[in-house]
Amino acid sequence: MAGEDDGNTTNGRRRRRTRRSAVRLSKLYSYACGRRPSVADDHSVSRIGGPGFSRVVMVNAAAGEPPAAADLLQHQQQITATTNSISTTKYNLFTFLPKSLFEQFRRVANIYFLLSAGIAYSPLAAYSSSSAIAPLVIVLVATMIKEAIEDWRRNQQDTEVNNRTTQVFQQGGDGDGWDGDAAWSFRDAKWKDIRVGDIVKVHKDEFFPADLVLLSSSYEDAICYVETMNLDGETNLKLKQSLEVTSTTLPDDDSFRSFAGAVVRCEDPNAHLYTFVGNIEIDGQQHPLSPQQLLLRDSKLRNTDFVYGVVVFTGHDTKVMQNSMKVPSKRSNVEKKMDRVMYLLLFSLIVISVVSSVFFGIATGDDLQDGRMKRWYLRPDDTEIYYDPNRPAVAALLHFFTAIMLYGYFIPISLYISIEIVKLLQALFINNDIHMYHRETDTPAHARTSNLNEELGQVDTILTDKTGTLTSNSMEFIKCSIAGTAYGRGITEVERAMARRKGAPVIPNPDNMDKGNNSGIQQQQHILSSSDSEGNNDKPAVKGFNFVDERVMGGNWVNQPRSDVIEMFFRLLAVCHTCIPEVDQESGKISYEAESPDEAAFVVAARELGFTFYKRTQTGVSLRELDPSSGKQVDRSYKILNVLEFNSARKRMSVVVKNEEGKLFLFTKGADSVMFERLSGSESAYREVTQQHINEYADAGLRTLVLAYRELKEDEYAYFDRKFTAAKNSVSTDRDEKIDEAADLVERDLILLGATAVEDKLQKGVPECIDKLAQAGIKIWVLTGDKMETAINIGYACSLLRQGMKQITITLETADIIALEKVSDKTALTKASKDSVARQINEGKKLVNASSGESFALIIDGKSLTYALEDDTKDMFLDLAVGCGSVICCRSSPKQKALVTRLVKTGTGKVTLAIGDGANDVGMIQEADIGVGISGAEGMQAVMASDVSIAQFRFLERLLLVHGHWCYSRISSMICYFFYKNITFGVTLFLYDAYTSFSGQPFYNDWAMACFNVFFTSLPVIAMGVFDQDVSARFCLKFPMLYQEGPQNLLFQWQRIIGWMLNGVACAVIIFFLSTASLQHQAFRSGGEVSDMATLGATAYTCIVWAVNLQMYITVSYFTLVQHVCIWLSIALWYIFLPVYGAITPSFSTTYYMVFVEALAGAPSYWVVTLLVTAAALIPYFTYAVVKSWFFPDYHNRIQWLRHREKAKAHPDPETSADVELSQVLRQFSVRSTGVGVSARRDATAVLRHLNVDYSQSPTPGAGVVVVTTDR
Amino acid sequence: MDPLEMQDDSKKSNKPKYSKFTQQELPACKPLLTPSIVISTFLLVGILFVPIGLASLSASQEIVELVHRYDTSCVPLADKVGFIQDTKTDKSCTRTLTVPKHMKSPIQIYYQIGDFYQNHRRYVKSRSDKQLRYKDAVHLTKDCEPEVYGADGAPIVPCGLVAWSLFNDTYTISVNKKAIEVNKKDIAWQSDKNKKFGSDVYPRNFQNGNLIGGAKLNESIPLSEHENLIVWMRTAALSTFRKLYGRIETDIMENDQLTVVIQNNYNTYSFGGSKALVLSTTSWIGGKNNFIGVAYLTVGGFCLFLALFFVVLYMIKPRTLGDPSFLSWNRCTLDYPN
């Protein structure tokens, strides 16, 4: 795919090269800092050759004459032995059988079945070995087929990847001329054939086939842009640059022919994505390599025509493969409990086997007394050890194994595979739910692991990321404050929500001068958002820009006072960033690729306000500016001398630029907390006002940045540059500190320009969704990296916080701590902080304990969280947090997110769900019981780590309340049912055995027994697991409190499980005694024939098949045609099996030969008994179900009644008017129990009662204008 | 209908295809245990069951059954086991019975044995179906332990405990002193005769070991003709069982005197079992079996009672939705720490 027409493309590339050579990198631009000093003096480099750093790669070993010793050659052979082909499959052809079998037998139940299969081949067998083995084999084979298919799919994927092609520098093999020299060129090769040391050429938008060391690129300065989305989920482009020595000697294809070769020495394969230690030896000279030269597999080449690289790691040695650790396999709580039930069953199996053995031993020992035989027909005088009356204890012991095998039908062998099938189908339903499909991004929901379906119905706490999850991560420049004047009239979601909260939904702020305009904007917004519900996008006219203010728009700013500041402000926006412009050649439109949406919003804002950034070269940026004096657009370019990059510690970013007049400027933007202390004391006249504006913006839920600049003198800059370059080039561990220090030199005495406010828009439907989840009794914790104010505001906007709530804030931003920080005594600070946090937690707890009925919100910041999560305080913290209605953790790091998740998970023992969208959420997604990834916006990391992915936060509502609840209720009913039916079957075997003096004689024919689980009873149960709906989707959403059945585990609590088991025992007793009493010794046909073991067994079996299948009609509450078919098919299968099996030669069908056709079918008593026994077996449960549903209804029963009532409404009767009120009561009840959510807010705000009419139109008052009207 | 296929169809857009199946909106009936459904279900079952019960009860009542236990009276009080094991003594025993009601032919003659574990696993397994069926499978005696080889070391046909312990009491019946014929043909299932017991397999070496179990077989008659053996070898389900002995194909009048000469050979004394002779007519329901009818009446009656119970309950305590306590959460079960 890469090397099509060689001549043409190379020509094309040459041309572009000449064009690009204009932007040849000088030493100036910040990227130069990637270069390392050319002497290998640094200690990490000196480790090369030592342990962990032993890799030696002969570059292009095959072509050049490597300057190599024999041992090097050997090493080379060793590492080239690892090919670049990857395999993510679990098995291969040879390991499949043993490995998958081993996996299977890690389950307790399967071990048991293996054991009983072993018994089946010994003389202890209760029934024939083949029939004992068959169900196990069927189940194992089915599971293995499933495994094989899954593995085959993985294999297909691998093959696809392995067979991708890329260009490798190699000798032409066939017909391409054989004179050695000419034959060497870049030829297509498959990925899997790439070896370490190969030189590859990768073209634009191709993936790197292996980890490469960049040699040179199509840019003359040998840079290239790389997209690492597959690695870390970040969508921005990263810049890589090769060493100068390689880029100059190897500029094009031809140069490789004369390339003498080189040796790369570097670290061994490891999983660290951001480190790389190594050097390259060219012509005897060593040059150090850094991550800056490393191109990682699975990242993509962007904006660069091609690069040359040498392969250093292949296949599974690559960093991405080393990183791809197995996703921790999660098991649902229900399954864990099911295991315990299994143990219980195994235990009772052992108990009854012991009982059976004891009685058997007694009976056996009794047979021969003083040489006189009692039951002479058993020949106790002449027996094997199994029946030896002289050694009854041994016989009993051996009999124990027989009993274990015989009563094995207690243990539902097909349960696991049935559950897997059911879950797979449930997952398909989730994937295919049209209500969880997001049209804008064309993404449906995707259940990536199906084994957690029912866990979705048991979620107790949701831990959610904010950015990109609750908010859409589309930043809109909405307001700014320049020189103390606030500009921008946009209204944010939060402001709207807050206005509503204050009871003034659409009344504009009276202080605002332009009332008309304001409401006009709102109206416009209304139109926008209403059209949005019809599927149009909800973005403003310009993406990232929602700024409306005629005072500065359209060039009007020149007339504003302090227009000089405004000019500088906009210029800073246009210059101080790391965006890359992309000019569409045809339309001339400019779009930007930015590291974060904030940055893009700034550049877009600058463009819209007249400062268009249109070109970035390696040395600078070019702007099209509005010149205030002439009023014309002029092109200006700025040389960028240094970029002081943003990081979370610095919280600011600066650039040093030189304008066309040669003046040096430092442009800085950063968080207010770090910026204000860097302002020069004298020059910041409007500091107070700006601070006030920033606070207002933060209140409105906006992200703020402070903009400032200063002019630099030449000598000052020169001093800084020296320091900074030295710091950048140093390779010691304190490099970052040195850089910070250097940056500190210039980032001071800044002159304040103003502040920007960017809105982080809430996703559609988030407040409503949170409201529903809150009504469902699910607690929601927000874990965000944002600062406290922003987090609180988002909390308000999405109804997690409300006015009536008491906020407990735990923070270390208190005066005494700050004072201590200044002294910077670390141990004292730690101690004080810890004490402070503990004290605050205690106070909070007291508050919570003292109050009754009030709801609390806990807000804690990252620093405090560090201390709160320590071992001695974390339980206290959890206690407090659990007592609060909502919890917001701000400023938390990814690790803290994961720690909090773990704390909640282990501390409460409840099911947690973590939802997030970015790479920083991966930790918590993997830690939580269920991880949900938001697919779409920010890369795939979160999604790859997640168990379920959805496109929008709001789909969580349907995922949990509908699918989660259904899956939970289905799976728990299904498991109970499984136990029920198997116990019914198993107990009849036991009872019959009691009548054979516990000799271990099975009641039924071997093959009939073997088919019980597989054919006669499995289909309806699976149908139930897939299709049953206790309550329809509409009602699930209407009565979210129903969801609580899951978190409280009402449907899979021991009472219910044991209840079902007892029902099974009762059924078995009824079936066994009624059928044996009905068909005892007398004739059962008019011909006078008496019933024997076969006929009685077949009759009882018939009754079981009927009873167990018809039981479904009492249990299931939703019958589609499928269920009817499954139930009747199962019963029919039995009636098909009997004659068919009975028609097979008697040496196979043994006792059941012709049993149906000849004996049973013609006997009225058989049919009469079937009817009697079936009915009698079902009556107890039916009666129980009636009493339960009438007098002790579960929540879903109540809703079923309500639905029934609603249906009956067609006939007007006096009660119907009460129904509306009743459902209201039901709703109110569920609302009252939670403290958060829109409805709670409505509840709490009694003031708003009179506005009920409005609310009836817009059901969710806190939601702002975005009203979800999805039809359900 | 396969959701997987549907996804494949829509490659252009990832939008799931709408169908009632995939959206789980298939038309369905959602039965609810409403009073009307519950009460009518119970009524229906009751109304259906009572007549069936009455019918089977009356069918059972029509049947005339004569059960005569003879094991205690046909043996001396002392040392019953010794008596029965002694091959030389004459064990015939004459019993006289009076027929209480007119018995229409055919009259089935059964022997009934109590406390005989024909369903014991060792016993059940001790046979060779192949040997019984095929002439050249004489040596297939693997499962027949411990009755495998005769005194001469040759395999026994039929081998195994079941055949070995063949019942050997005989009955000679005369009505009003007049001997009547007991038909011992067609007492076994046809399929057994045709497919399980070979018509070319002859008994050999049978009952000539040192321990004699039960009846001997005529070695000149093939196994498929030994219907008493075939009947015996269909092992009974429970420890008290009846097996067909033969049929009387003439009617027996009320108050007729039945004289039965019993050869009391079979040893049930060792294990304390019982033996009885049964004469019975049959009807559609089989032999005399009150249990089915009584059970039907009980279940039917119980259902009617429940129907009534629920009607009364519904009238006394109508379960209306208007009761707010119905709607609120049941505090004791659902009030979770929150």
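In what follows, every chain begins at residue 1, and chains take the letters A, B, ... in the order their sequences are listed.
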Please verify the inter-ring angle class for [X] with [Y]; under 30° counts as parallel, over 60° as perpendicular, anything in between as tilted.
{"X": "A:Tyr377", "Y": "B:Tyr123", "result": "perpendicular"}
{"X": "A:His399", "Y": "A:Phe360", "result": "parallel"}
{"X": "A:Phe1073", "Y": "A:Tyr995", "result": "perpendicular"}

Using a cut-off of under 4.5 Å for heavy-atom pairs, which of [options] has the most such pairs with chain A?
{"options": "B:Glu65, B:Gln112, B:His120", "result": "B:His120"}
{"options": "B:Gln24, B:Gln190, B:Lys196", "result": "B:Gln24"}
{"options": "B:Phe241, B:Trp189, B:Phe302, B:Trp164", "result": "B:Trp189"}
{"options": "B:Val162, B:Leu238, B:Val299, B:Asp129", "result": "B:Leu238"}
{"options": "B:Ile292, B:Thr240, B:Asn267", "result": "B:Asn267"}

When you check the gap from the basic side-chain N to the acidic O, do A:Asp1092 and B:Lys243 get nearer than 4.0 Å? no

Quick one: do B:Asp143 and B:Lys125 make a salt bridge, cutoff under 4.0 Å? no

Knowing that exactly one of B:Phe167, B:Phe271, B:Tyr111 qualifies, which makes a ring-ring contact (aromatic ring centres under 6.0 Å, His included) with B:Phe116?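 It is B:Phe271; the other options fail the test.
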
Using a 4.5 angstrom heavy-atom cutoff, name the option from [options] with the most pairs to chain B.
{"options": "A:Asp993, A:Thr402, A:Val1157", "value": "A:Thr402"}
{"options": "A:Phe1119, A:Trp376, A:Tyr1118", "value": "A:Trp376"}
{"options": "A:Ile1179, A:Val1122, A:Thr1183, A:Val1168", "value": "A:Val1168"}
{"options": "A:Gly1087, A:Ser1165, A:Ser1091, A:Gly1088", "value": "A:Gly1088"}
{"options": "A:Ala1094, A:Pro1164, A:Ala1033, A:Gly1097", "value": "A:Pro1164"}

Going through the distances and angles, do A:Phe429 and B:Phe21 end up as a ring pair (Phe, Tyr, Trp, His ring centres under 6.0 Å)? CA-CA 9 Å; A:Phe429 278 134; B:Phe21 178 78; 5.6 Å; yes

[X] portion near chain A, given a 4.5 angstrom heavy-atom threshold:
{"X": "B:Trp284", "answer": "both"}
{"X": "B:Arg247", "answer": "side chain"}
{"X": "B:Ala236", "answer": "backbone"}
{"X": "B:Ser191", "answer": "both"}
{"X": "B:Pro146", "answer": "both"}
{"X": "B:Tyr296", "answer": "both"}
{"X": "B:Phe309", "answer": "neither"}
{"X": "B:Gln23", "answer": "side chain"}
{"X": "B:Thr298", "answer": "neither"}
{"X": "B:Tyr269", "answer": "neither"}
{"X": "B:Asp115", "answer": "backbone"}
{"X": "B:Lys195", "answer": "both"}

Would you say [X] and [Y] make side-chain contact, with heavy atoms under 4.5 Å?
{"X": "B:Tyr110", "Y": "A:Gln1082", "result": "no"}
{"X": "A:Leu1079", "Y": "A:Thr1095", "result": "no"}
{"X": "B:Val231", "Y": "A:Val1090", "result": "no"}

Could you tell me if A:Asp1030 and A:Ser1117 have a donor-acceptor pair between their side chains, going purely by distance under 3.5 Å?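 No, no side-chain donor-acceptor pair sits under 3.5 Å.
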
Between B:Tyr18 and B:Glu25, does any side-chain donor sit less than 3.5 Å from a side-chain acceptor?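 On atom types as modelled, these side chains qualify, holding a pair under 3.5 Å.
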
Just to verify, what does B:Cys303 make a disulfide (SG to SG under 2.5 Å) with, not counting sequence neighbours?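 B:Cys303 satisfies disulfide (SG to SG under 2.5 Å) with no residue once adjacent residues are dropped.
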
Test A:Lys374 against every option in A:Asp366, A:Asp381, A:Asp367 by the salt bridge (charged side-chain N to carboxylate O under 4.0 Å, His left out) rule and name the one that passes.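 Single pass found, and it is A:Asp366.
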
[X] portion near chain B, given a 4.5 angstrom heavy-atom threshold:
{"X": "A:Tyr1166", "answer": "neither"}
{"X": "A:Phe1027", "answer": "side chain"}
{"X": "A:Met1154", "answer": "side chain"}
{"X": "A:Leu378", "answer": "both"}
{"X": "A:Val1026", "answer": "backbone"}
{"X": "A:His446", "answer": "neither"}
{"X": "A:Thr1151", "answer": "backbone"}
{"X": "A:Tyr387", "answer": "side chain"}
{"X": "A:Leu1171", "answer": "both"}
{"X": "A:Ala1185", "answer": "both"}
{"X": "A:Glu384", "answer": "both"}
{"X": "A:Ala1159", "answer": "both"}
{"X": "A:Leu1096", "answer": "side chain"}

Can you check side chain to side chain contact (heavy atoms under 4.5 Å, CB included) on A:Asp1194 and A:Lys1188, steps first, answer last? CA-CA 8 Å; A:Asp1194 281 337; A:Lys1188 165 113 175 142; 3.2 Å; yes

Can B:Arg121 and A:Gln1001 be said to form a side chain to side chain donor-acceptor pair (under 3.5 Å), step by step? CA-CA 5 Å; B:Arg121 188 159 64 99; A:Gln1001 174 61 33; 5.6 Å; no

Decide yes or no on side chain to side chain donor-acceptor pair (under 3.5 Å) for A:Arg375 and A:Ser997, but give the supporting numbers first. CA-CA 12 Å; A:Arg375 293 189 289 185; A:Ser997 77; 3.2 Å; yes

Side-chain (B:Asn119) to main-chain (B:Thr235) donor-acceptor, under 3.5 angstrom: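 Not at all, since once roles are kept as given, no pair shorter than 3.5 Å links the two residues.
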
Looking at the rings of B:Phe310 and A:Trp1190, which for Trp means the six-membered one, are their centres under 6.0 Å apart? yes

With a 6.0 Å cut-off (strictly less than), is the heavy-atom count around OH of A:Tyr1113, excluding the residue itself, greater than 12? yes

